[in-house]
Amino acid sequence: MWIYINKIQNYENQEVTIKGWLYNMRTSGKLLFPEIRDGYGIIQGIVSKNDVSERVWEDFLKLTQESSLIVKGVVKKHPKKPDVYELHINDITIVSIAEPYPITLKEHGVEFLSDRRHLWLRTPRQVAIMRIRHEIIQAIRDYMYQNDFILFDAPIFTPNACEGTSTLFSTDYFDLGKAYLSQSGQLYAEAGAMALGKVYTLGPTFRAEYSMTRRHMTEFWMMEPEMAYFDLDDNMNLIEDFLEYVVQRVIKTKEKELEILKRDTSKLEKVRKPFPRITYTEAVEILRKKDIPLYRKTPNGEEQIRPFPWGEDFGAPHEEALVEDFDKPVFIHRWPSAAKAFYMKRDPENPNLVLGVDVLAPEGFGEIIGGSQREDDINLLIERIKEHNLPMEEFQWYIDLRRYGSVPHSGFGLGIERMVSWICNLEHIREAIPFPRRPNRIRP
RNA sequence: UGGCAGAUAGCUCAAUGGUGGAGCAUUCGGCUGUUAACCGAAGGGUUGCGGGUUCGAGUCCCGCUCUGCCAGCCA
């Protein structure tokens, strides 16, 4: 019977068939120890020359790393290791002999592996990351479904710059001129929320920024919920509940994969409601108390400005200083309006602030969520669009949402790969997606 | 786009300005409980590209290309 390796413990002392690839093989005289992987796990087989036919023995000697094969054998407990099963092999069918495999079990450099991403994905570490990525997305979908959100897919081709700030990838669009690859589905999600109440988008987004850091890609996946009649506090309550659910679900269901990654899950177990909530203004006070200056580029290098001036956006050193005292995600809300996007609603209690919120992940993983209550006053929204020098005609449909039954509403955007990086404790975001796209890499 | 570091065997790295090495991978041989197995042997090089200094350059200098890290932008 053909089984997958993750179900092997159910078949002790039974004969099973495994279809997979040769991960590694050790030899010891007339004993062979092939390690076979099938995508669901790795199992060590044993081939004893005295117990198999000459044909089977000869076939095993032909195998190279990553050759594909089908083996038959009896599942037995490992003589020395409890809870480990191995396969006493009695037959083999070679499916394909692999050419010399470039990725060995030894160390490799980043560039070498990135050039062979299609093969790198077969290694246990990458398999574990992809399984966790899958679980994160599944947990997101389950949470949204259970909480009556409707999946509302936003278009990828768009005529306008949603935030105006980021550079967009452009392409020719028949007789209609330029089209751009979406950098956010938010504006469309707002239309969805007015139709359906609570919606979310989940899909790829694109930013043509030459960002060469461990946290950026030109193509990444984003999950963007949008809720009618939610104010900023409702929004933060949702984020809190949602993040707790996803993190706790993944550490429960993906224990084995997190162990392969050597992830310290005790740090993830602490991700429980409530999360600390500080205002931007309070955050600035913390930075001043810790004497973290603003770093600004000048023609002759860099200058440090202290105390940290109110109104400036935070950089990596500031995020780190704000997060270091907490072991949970941190909300920073009520930002200076000048630093944020046009669609964020002004704080009715202070016109210099917007009702925006960023969520910083613990352990220095930085911003994973950006959200806000949206401007629902048609006149103020038009004013903001003018202030930001955005093409008014492209936003007519968006303004319509305020023209026909405008309501308070809120939403946020979660970077899937940043979430994966955080939960898997990855050094670099390039491992968080099957085929990463960065400014200097589009292959494979 | 700016700052810093780097490019040597298929891979990961070493080599005071003086005959370019090691481990792994590959090929061959040995071993009945191996765990990135081990032991023995063999093959494997236009030192990223271009110029310069020098009796002599992987090594020093200049330019270029590429890669990595950090910063900005953000998710």
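Basis for what follows: all heavy atoms, side chains included, without hydrogens, waters or symmetry-related copies. Quick note on labels: first sequence line is chain A, next is B, and so on, each numbered from 1.
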Report the nucleotide, chosen from [options], that has the shortest atom-to-atom distance to any side-chain atom of [X].
{"X": "Glu111(A)", "options": "G33(B), U67(B), A75(B)", "answer": "U67(B)"}
{"X": "Gln44(A)", "options": "U34(B), C73(B), G68(B)", "answer": "U34(B)"}
{"X": "Lys106(A)", "options": "C24(B), C73(B), A37(B)", "answer": "C24(B)"}
{"X": "Tyr210(A)", "options": "A71(B), A75(B), U1(B)", "answer": "U1(B)"}
{"X": "Ser28(A)", "options": "G33(B), U1(B), C74(B)", "answer": "G33(B)"}
{"X": "Met212(A)", "options": "G68(B), C74(B), A75(B)", "answer": "G68(B)"}
{"X": "Met222(A)", "options": "A75(B), C24(B), A71(B)", "answer": "A75(B)"}

Atom [atom1] of [X] and atom [atom2] of [N]: how far apart are they, to the nearest Å?
{"X": "Glu209(A)", "N": "U1(B)", "atom1": "CD", "atom2": "C1'", "answer": "12 Å"}
{"X": "Gln65(A)", "N": "U26(B)", "atom1": "CD", "atom2": "P", "answer": "7 Å"}
{"X": "Leu168(A)", "N": "A75(B)", "atom1": "CG", "atom2": "P", "answer": "13 Å"}
{"X": "Ile369(A)", "N": "A75(B)", "atom1": "CD1", "atom2": "P", "answer": "11 Å"}
{"X": "His318(A)", "N": "C74(B)", "atom1": "NE2", "atom2": "P", "answer": "14 Å"}
{"X": "Phe365(A)", "N": "C74(B)", "atom1": "CZ", "atom2": "P", "answer": "21 Å"}
{"X": "Leu426(A)", "N": "C69(B)", "atom1": "CG", "atom2": "P", "answer": "13 Å"}
{"X": "Phe112(A)", "N": "G68(B)", "atom1": "CZ", "atom2": "C1'", "answer": "17 Å"}

### Message
Under 5.5 Å centre to centre and under 30° between planes: does that hold for Phe33(A) and the six-membered base ring of A37(B)?
### Response
no
Presence of [X] side-chain N/O under 4.0 Å of [N] phosphate oxygens OP1/OP2:
{"X": "Arg214(A)", "N": "C70(B)", "result": "yes"}
{"X": "Arg430(A)", "N": "C69(B)", "result": "yes"}
{"X": "Asn440(A)", "N": "U67(B)", "result": "yes"}
{"X": "His428(A)", "N": "C69(B)", "result": "yes"}
{"X": "Arg26(A)", "N": "A37(B)", "result": "yes"}
{"X": "Lys80(A)", "N": "U35(B)", "result": "no"}

Can you tell me the base-pairing partner of [N]? Count Watson-Crick or G-U wobble geometry only, both distances below 3.5 Å, and say none if there is no partner.
{"N": "C31(B)", "answer": "none"}
{"N": "A7(B)", "answer": "U65(B)"}
{"N": "A42(B)", "answer": "U26(B)"}
{"N": "C74(B)", "answer": "none"}

What is the nucleic acid contact for [X], judged by heavy atoms within less than 4.0 Å: base, sugar-phosphate only, or nothing?
{"X": "Glu224(A)", "result": "nothing"}
{"X": "Glu219(A)", "result": "nothing"}
{"X": "Ile416(A)", "result": "nothing"}
{"X": "Gly315(A)", "result": "sugar-phosphate"}
{"X": "Phe220(A)", "result": "base"}
{"X": "Thr205(A)", "result": "nothing"}
{"X": "Met217(A)", "result": "base"}

Any donor-acceptor pair, under 3.5 Å, between the side chain of [X] and the base of [N], if you only look at N and O atoms?
{"X": "Thr167(A)", "N": "C73(B)", "result": "no"}
{"X": "Thr104(A)", "N": "C24(B)", "result": "no"}
{"X": "Glu35(A)", "N": "U35(B)", "result": "no"}
{"X": "Glu107(A)", "N": "G23(B)", "result": "no"}
{"X": "Arg116(A)", "N": "C11(B)", "result": "no"}

[atom1] gap between [N] and [M], integer Å:
{"N": "C13(B)", "M": "C4(B)", "atom1": "P", "answer": "23 Å"}
{"N": "G48(B)", "M": "U12(B)", "atom1": "P", "answer": "14 Å"}
{"N": "U59(B)", "M": "U47(B)", "atom1": "C1'", "answer": "10 Å"}
{"N": "U1(B)", "M": "A9(B)", "atom1": "C1'", "answer": "37 Å"}
{"N": "A71(B)", "M": "U26(B)", "atom1": "C1'", "answer": "44 Å"}
{"N": "G10(B)", "M": "G43(B)", "atom1": "C1'", "answer": "13 Å"}
{"N": "G63(B)", "M": "C69(B)", "atom1": "C1'", "answer": "24 Å"}
{"N": "G52(B)", "M": "C70(B)", "atom1": "P", "answer": "38 Å"}

### Query
Between Tyr398(A) and Tyr343(A), does a ring pair (Phe, Tyr, Trp, His ring centres under 6.0 Å) hold up when you go through it step by step?
CA-CA 10 Å; Tyr398(A) 184 65; Tyr343(A) 50 72; 7.5 Å; no
### Message
Could you check whether any side-chain N or O of Arg26(A) sits under 3.5 Å from a backbone N or O of Phe33(A), counting only pairs where one atom can act as donor and the other as acceptor?
### Response
no
May I ask you to decide whether [X] forms a salt bridge with [Y], counting only side-chain N to carboxylate O separations under 4.0 Å?
{"X": "Arg249(A)", "Y": "Glu135(A)", "answer": "yes"}
{"X": "Asp115(A)", "Y": "Arg441(A)", "answer": "yes"}
{"X": "Glu257(A)", "Y": "Arg263(A)", "answer": "no"}

### Query
Within 45 degrees of the axis of the six-membered ring of Tyr280(A) and under 6.0 Å from its centre: does Arg334(A) put its NZ or CZ there?
no
### Task
State whether Trp120(A) and Arg116(A) meet the cation-pi test: NZ (Lys) or CZ (Arg) under 6.0 Å from the six-membered ring centroid, and within 45° of the perpendicular axis.
no
### Query
Phe395(A) and Phe342(A): aromatic ring centres closer than 6.0 Å?
yes
### Task
May I ask you to check whether over 12 heavy atoms, not counting those of Lys290(A), lie within 6.0 Å of atom NZ?
yes
### Query
Would Phe230(A) and His409(A) satisfy ring pair (Phe, Tyr, Trp, His ring centres under 6.0 Å), going step by step from the backbone distance to the final call?
CA-CA 5 Å; Phe230(A) 268 49; His409(A) 61 289; over 10 Å; no
### Query
Between His108(A) and Lys81(A), which is nearer to the 5' end of RNA chain B once each is assigned its nearest nucleotide?
His108(A)
